[in-house]
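All remarks here apply to the structure that follows.
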Amino acid sequence: MFAPALEGAYSRTLATVHGLERALPGLRLEWTVTEKRQVAAVPQRDAWLTKEATRGEFPFICNGDERYPVMISGHTRSWHASPGGQSQLQVHANLPLDTAVIATARDVLGAMAEGACAFWGQATPHGAAVDIAYQTAPTRGGPPSPRRGLPALKLFHHIRSPEIPYYLGWLNYWSDAAARAIGFPDPARDSELLSRSRRTATGWLVQLTEAPLDLDDPAHLEALKRAYERFPEIGGRGVA
């Protein structure tokens, strides 16, 4: 998720964690990693998260289960590395890609995005996410080098506003502001996407493919390419 910086909105850290726990019944995130790189239980977890948020921190927290690891953390992207010269909170969660998570993935993304008051967010299996990461230009090796014929995307701070998504994923959360920025939905053009979309209180959850995105599947790759063609603003491609 990509959201406004925490400044003055400290409850969002706790709301994001609570959202993830609600979406996956039985999950409790009450462990962190110490400076000695050891997993340790966090007493009074909610109070601890709130205190850390007042310091501008979204600390690493997990379920403490090495057999079924679920973890979440966040960091602040500085204004000069973010769109529109505005600092952002960037939140990452890692979950096992099993049947339970796949079945609840939209609920997970939606609950976390609304807890964070995110501009936008996405959920994508690791393999496809690696290919998508190659779209951002320039790379350390020089010019952009997207894989599989995907379009090159601009660096984050070259995108004109924080509401515009940097890239697409398997599941996409677009706040109302983000949806307006990219022109979604257009009933005449988005019938296929709307068949896999769900309205939320604050935006849209848009699913590109029924099964988790696998870019070795030609149909999945074409679905991703079509979505980029439909929304040229994503990745800053709509402005020269």
When rounded to the nearest 0.5 angstrom, what is the spacing between OG1 in T32 and CD in Q38?
12.5 Å
Donor-acceptor check, side chain of T124 to backbone of W170, threshold 3.5 angstrom: yes or no?
yes
I want to know whether F156 and Y166 have ring centres closer than 6.0 Å.
yes
Where do I132 and L153 land on the side chain to side chain contact (heavy atoms under 4.5 Å, CB included) test, with the steps shown first?
CA-CA 10 Å; I132 290 167; L153 309 176; 5.5 Å; no
Do D46 and H18 have side-chain atoms, one donor and one acceptor, less than 3.5 Å apart?
yes
Hey, are the side chains of D217 and L215 touching, using non-hydrogen atoms and a 4.5 Å cut-off?
no
Passes side chain to side chain contact (heavy atoms under 4.5 Å, CB included), T136 versus K154? Steps please.
CA-CA 6 Å; T136 302; K154 290 186 177 181; over 6 Å; no
Just by distance, do the side chain of T200 and the backbone of G203 share a donor-acceptor pair under 3.5 Å?
yes
Looking at K225 and P151, would you say the former's side chain and the latter's main chain have a donor-acceptor pair under 3.5 Å?
no
Quick one: closest heavy-atom pair of A118 and A3, and the distance?
CA-CB, 3.7 Å
Side chains of P4 and R12 in contact at under 4.5 Å (non-hydrogen atoms)
yes
Quick test of your reading of the model: are R199 and D176 salt-bridged, counting only N-O distances below 4.0 Å?
yes
Determine whether L89 and L14 fall in the same hydrophobic cluster, where Ile, Leu, Val, Met, Phe, Trp and Tyr are linked whenever their side-chain heavy atoms lie under 4.5 Å apart.
yes
Do the side chains of M71 and L109 join up, straight or via other hydrophobic residues, at under 4.5 Å, putting them in one cluster?
no
Check: R196 side chain, L208 main-chain N or O, donor-acceptor pair, under 3.5 Å
yes
So that I can tick it off, tell me whether E21 and R45 are bridged by a salt bridge, with the cut-off set at under 4.0 angstrom between side-chain N and carboxylate O.
yes
Side chains of P69 and N94, heavy atoms from C-beta outward: is any pair under 4.5 Å?
no
Go through the steps to decide whether T13 and T50 satisfy the test side chain to side chain contact (heavy atoms under 4.5 Å, CB included), and finish with yes or no.
CA-CA 7 Å; T13 297; T50 301; over 6 Å; no
Just so I know, are the side chains of L171 and V108 near enough to count as touching, which here means a heavy-atom distance under 4.5 Å?
no
Check the pair E52 / I61 against side chain to side chain contact (heavy atoms under 4.5 Å, CB included), numbers first and verdict last.
CA-CA 12 Å; E52 291 297 302; I61 192 162; over 6 Å; no
Under-4.0 Å salt bridge between R55 and E57
no
Can you sort out the partners of Y167 under ring pair (Phe, Tyr, Trp, His ring centres under 6.0 Å), two or more places apart, ordered by chain and number?
W120
Heavy-atom side-chain proximity of E163 to I182 below 4.5 angstrom
no
Honestly curious: do V17 and V39 fall in one hydrophobic cluster under the side-chain, below-4.5 Å linking rule?
no
How would you list, by chain and number, every residue that makes a side chain to side chain contact (heavy atoms under 4.5 Å, CB included) with R230, sequence neighbours excluded?
D186, R189, D190
Would you say that P43 contacts E30 through its side chain, given a criterion of any heavy-atom pair below 4.5 Å between the two side chains?
no
From L168, I159, N172, residue fulfilling side-chain contact (heavy atoms from CB on, under 4.5 Å) relative to I234:
L168
If I take atom OG1 from residue T34 and atom NZ from residue K36, how far apart are they, to the nearest 0.5 angstrom?
7.5 Å
Tell me every residue that passes ring pair (Phe, Tyr, Trp, His ring centres under 6.0 Å) with W204, counting only those two or more places apart in sequence or in another chain.
F184
Are any side-chain N or O atoms of D131 and backbone N or O atoms of R147, one a donor and one an acceptor, separated by less than 3.5 Å?
no
Euclidean distance, Q86 CD relative to S78 OG, rounded to 0.5 Å
13.0 Å
Under a plain distance cut-off of 3.5 Å, with no hydrogens placed, do S197 and Q207 share a side-chain donor-acceptor pair?
no
As a test of understanding, state which of L95, V101, I102 forms a side-chain contact (heavy atoms from CB on, under 4.5 Å) with D98.
V101
For a quick check under 3.5 Å, do H220 and E222 share a side-chain donor-acceptor pair by atom type?
no
Test log, rule ring pair (Phe, Tyr, Trp, His ring centres under 6.0 Å), inputs W174 and F231:
CA-CA 12 Å; W174 297 331; F231 303 109; 5.3 Å; yes
For the residue pair P165 and F2, establish whether any side-chain heavy-atom pair is separated by less than 4.5 Å.
no
Any donor-acceptor pair under 3.5 Å linking the side-chain atoms of Y173 with those of T202?
yes
Would you call R226 and E229 a salt bridge, taking side-chain N to carboxylate O under 4.0 Å as the test?
no
To the nearest 0.5 Å, atom CZ of R22 lies from atom OG1 of T104 at 13.0 Å
Y228 and Q135: side-chain donor and acceptor closer than 3.5 Å?
yes
Indicate yes or no for a side-chain donor-acceptor contact from S175 to the backbone of A178 under 3.5 Å, with no hydrogens or angles considered.
yes
Student check: side-chain heavy atoms of T16 and F58 closer than 4.5 Å
yes
Point-to-point distance, once rounded to the nearest 0.5 Å, from CG of L221 to CG of L150:
6.0 Å
